[in-house]
2 protein chains.
Amino acid sequence: MDPSSLSEDALATPAPRRQAMVPEATVARLPIYLRALHVLADDGQTTVSSEALAEVAGVNSAKLRKDLSHLGSYGTRGVGYDVAHLIEQVSAELGLLRHCSVVLVGVGNLGRALAGYGGFASRGLAIDALLDADRNRVGEQIAGLTVRHIDELCDVVSKGSIGVIATPAQAAQQVCDRLVAAGVTSILNFAPTVLSVPPGVDLRKVDLSLELQILSFHEHRKAALAQGAPV
Amino acid sequence: MDPSSLSEDALATPAPRRQAMVPEATVARLPIYLRALHVLADDGQTTVSSEALAEVAGVNSAKLRKDLSHLGSYGTRGVGYDVAHLIEQVSAELGLLRHCSVVLVGVGNLGRALAGYGGFASRGLAIDALLDADRNRVGEQIAGLTVRHIDELCDVVSKGSIGVIATPAQAAQQVCDRLVAAGVTSILNFAPTVLSVPPGVDLRKVDLSLELQILSFHEHRKAALAQGAPV
DNA sequence: CTGACTTTGTGCGCGCGTTCACAAGCGCGT
DNA sequence: ACGCGCTTGTGAACGCGCGCACAAAGTCAG
């Protein structure tokens, strides 16, 4: 970039006029809204106000309205949002409507738990392949799926597949590289390691112990405050 | 709080002059730095520059320096940071040095995986109690611990305990309430539900399917872009 | 002992995200 | 048919966090 030569770049924005432009923070909340909407739908509600939905989702109502406004105006003023319609729209935005292939690598403790986790399937993101490097585990039946060897990776991934890494830390980068080589452009990493991926590949991570350590910090802080502060 | 009665609170800030004031964003990265430091220590490194550590941790070096500066200046200019000393300091800041009791409720698929997850124990946050509401599971041995009934909750929690909820969604709020009633002030929720806790209780959540749905969004976006954008 | 190099610690500007507050819009009762 | 009240959608201000770029500080060679 050469900012000095672009003093009036407001007119020639690179790729802004693309319709969507949904902020990342909003995307991160869409799944929460979706779950809240499913709760309301199961409860028999057909419409819901931003205030009520925000209450269930645990967020500010203004934030919720702004979030929803980013994917078009689907609310009716004076009434609220149509629950079923909103579920449809949010699901579409998240790409949950058309089947998306999910490949899980590593069937240790965590991998098994993930394979059996109902939260994926109920949102149109069922895991449909289990891989492992350990040949002793190949052939095993887990959650209705047969574990296959990781060498068969190319046979199970298709364009648009999402890769999930649940291997030990030291194997994660290697598995990651193989996923990328097989054409996977979205990877979710559960291994406690920083992975590097080439540009164009989306990498997200879930560190199970990270949140626990953050809580430990706050607990520690509280204890220190309780002892030192009440002068 | 009563903000209306405090028009000049700039002078009488509630609890600001307390030394620490570590930003939340920094706290969230401390565990990552700690893991990177352990990697370097195992590798035999005794000192490390902010640049090198930032590389391993996958962050900007300036951000890392600013983060570390928040917990005091433990670096030597011209040299870098002493790895062992920094591990000590970060661990202390996170409260990992003195044993912190962790109680896990719900030993389903996920609970078992968490109980056996090595990432906790290796950081001084070993789970030391397993509870479940299902009496058929009580007495079971998992990862060296015996599953106890949730009614014994008060016997296993102590001041400063951290509670981990790995139950089905519909049981989570009830378990959460019981944890709070037992005196737990830090709770980590793995159940896909929004929990409400009274003020003073720290609640964090890990949603396993959330990140996957975010990836689904990006994958969906990429697919739409690949089809529609290349005009 | 001095000078030059290396690395930390931080002041500053920028952009994103959150929140308040209000105008625009729609349905419903009368 | 018409106005009243409710709810959405959004403009603007605020605050946080990030990254650059530089000054302070300490080490090492000679």
Side-chain angles (χ1 to χ4, degrees), chain A residues 1-4 6-10 13-16 20-30 32-33 37 40 45-83 85-86 89-90 214, chain B residues 1 3-4 9-10 13-14 16 19-30 32-33 37 40 45-83 85-86 89-90 214:
Chain A
M1 310 299 181
D2 186 8
S4 60
L6 294 174
S7 52
E8 298 162 39
D9 56 351
T13 32
M21 273 292 293
V22 183
E24 197 57 34
T26 295
V27 175
R29 282 188 293 267
L30 288 182
I32 301 174
Y33 301 154
L37 285 167
L40 292 173
Q45 308 258 2
T46 58
T47 63
V48 65
S49 70
S50 66
E51 197 77 34
L53 181 55
E55 166 76 20
V56 179
V59 298
N60 184 292
S61 66
K63 176 154 53 177
L64 181 131
R65 285 199 298 275
K66 190 160 284 190
D67 284 343
L68 293 185
S69 75
H70 283 124
L71 37 103
S73 293
Y74 297 115
T76 308
R77 300 179 187 226
V79 176
Y81 298 90
D82 182 84
V83 174
H85 187 215
L86 201 50
Q89 291 299 338
V90 174
I214 295 174
Chain B
M1 314 294 181
S4 61
D9 55 351
T13 32
Q19 48 180 13
M21 271 292 293
V22 184
E24 196 58 32
T26 294
V27 176
R29 282 186 293 268
L30 289 183
I32 301 174
Y33 301 154
L37 285 167
L40 292 173
Q45 308 257 2
T46 59
T47 62
V48 64
S49 70
S50 65
E51 197 76 36
L53 182 54
E55 167 76 21
V56 179
V59 300
N60 184 291
S61 66
K63 177 156 49 177
L64 181 132
R65 286 197 299 274
K66 191 164 287 189
D67 284 343
L68 294 185
S69 74
H70 282 125
L71 38 103
S73 294
Y74 297 115
T76 306
R77 300 179 185 225
V79 176
Y81 299 88
D82 181 83
V83 174
H85 187 216
L86 201 50
Q89 291 299 337
V90 174
I214 295 174

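So that the names make sense, note that chain A is the first sequence line, chain B the second, and so on, each numbered from 1.
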Rounded distance (nearest 0.5 Å) linking atom [atom1] of [X] with atom [atom2] of [Y]:
X       : Y       : atom1 : atom2 : answer
B/Asp67 : B/Tyr33 : CG    : OH    : 3.5 Å
B/Leu68 : B/Lys63 : CG    : NZ    : 12.5 Å
B/Thr47 : B/Asp82 : OG1   : CG    : 7.5 Å
A/Thr26 : A/Leu71 : OG1   : CG    : 8.5 Å

Under-4.0 Å side-chain N/O to phosphate OP1/OP2 contact, [X] with [N]:
X       : N      : result
B/Tyr74 : C/dT7  : no
A/Ser50 : D/dT7  : no
A/Asn60 : C/dC20 : yes
B/Ser49 : C/dT7  : no

Taking [atom1] from [X] and [atom2] from [N], how many angstroms apart are they, rounded to a whole number?
X       : N      : atom1 : atom2 : value
A/Leu30 : C/dG17 : CG    : P     : 13 Å
B/Glu51 : C/dG9  : CD    : P     : 14 Å
B/Leu86 : C/dT7  : CG    : C1'   : 15 Å
B/Leu64 : D/dG17 : CG    : C1'   : 15 Å
B/Glu24 : D/dC16 : CD    : C1'   : 12 Å
A/Lys63 : C/dC20 : NZ    : P     : 10 Å
B/Leu68 : C/dG9  : CG    : P     : 8 Å
B/Asp82 : C/dT8  : CG    : P     : 13 Å

Under 4.0 Å protein heavy-atom contact, by nucleotide of nucleotides 23-30 of chain C - B base, S sugar-phosphate only: -BBBS---
List every contact pair, protein side and nucleotides 11-15 of chain D side both N or O, where the distance is under 3.5 Å.
residue: D/dG11; atom: O6; partner: A/Lys66; partner atom: NZ; Å: 3.2
residue: D/dA12; atom: N6; partner: A/Lys66; partner atom: NZ; Å: 3.1

Partner residues of A/Arg65 under the side-chain hydrogen bond (donor to acceptor under 3.5 Å, both in side chains) criterion, sequence neighbours left out: A/Ser50
Side chain B/His85, main chain B/Tyr81, donor-acceptor under 3.5 Å: no
Closest listed nucleotide, where the reference is the side chain of B/Ala25 and the choices are C/dT10, C/dT18, D/dG17: D/dG17
Nearest-nucleotide pick for A/Arg65, side chain only, options being D/dT8, D/dG19, C/dT18: D/dT8
Those residues that, when tested against A/Val56, pass side chain to side chain contact (heavy atoms under 4.5 Å, CB included) (two or more places apart): A/Ala36, A/Leu40
Side chain to side chain contact (heavy atoms under 4.5 Å, CB included) involving A/Glu51 - partner list, sequence neighbours excluded: A/Ser49, A/Ser61
B/Val90 versus B/Leu30, closest heavy-atom pair with distance: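 Minimum heavy-atom contact is CG1-O, 3.8 Å.
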Closest contact, heavy atoms only, A/His70 versus A/Val22: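 Smallest heavy-atom distance, with atoms named: O-CG2, 4.2 Å.
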Comparing B/Gly75 and A/Ala62 on DNA chain C - which has the more 5′ nearest nucleotide: B/Gly75
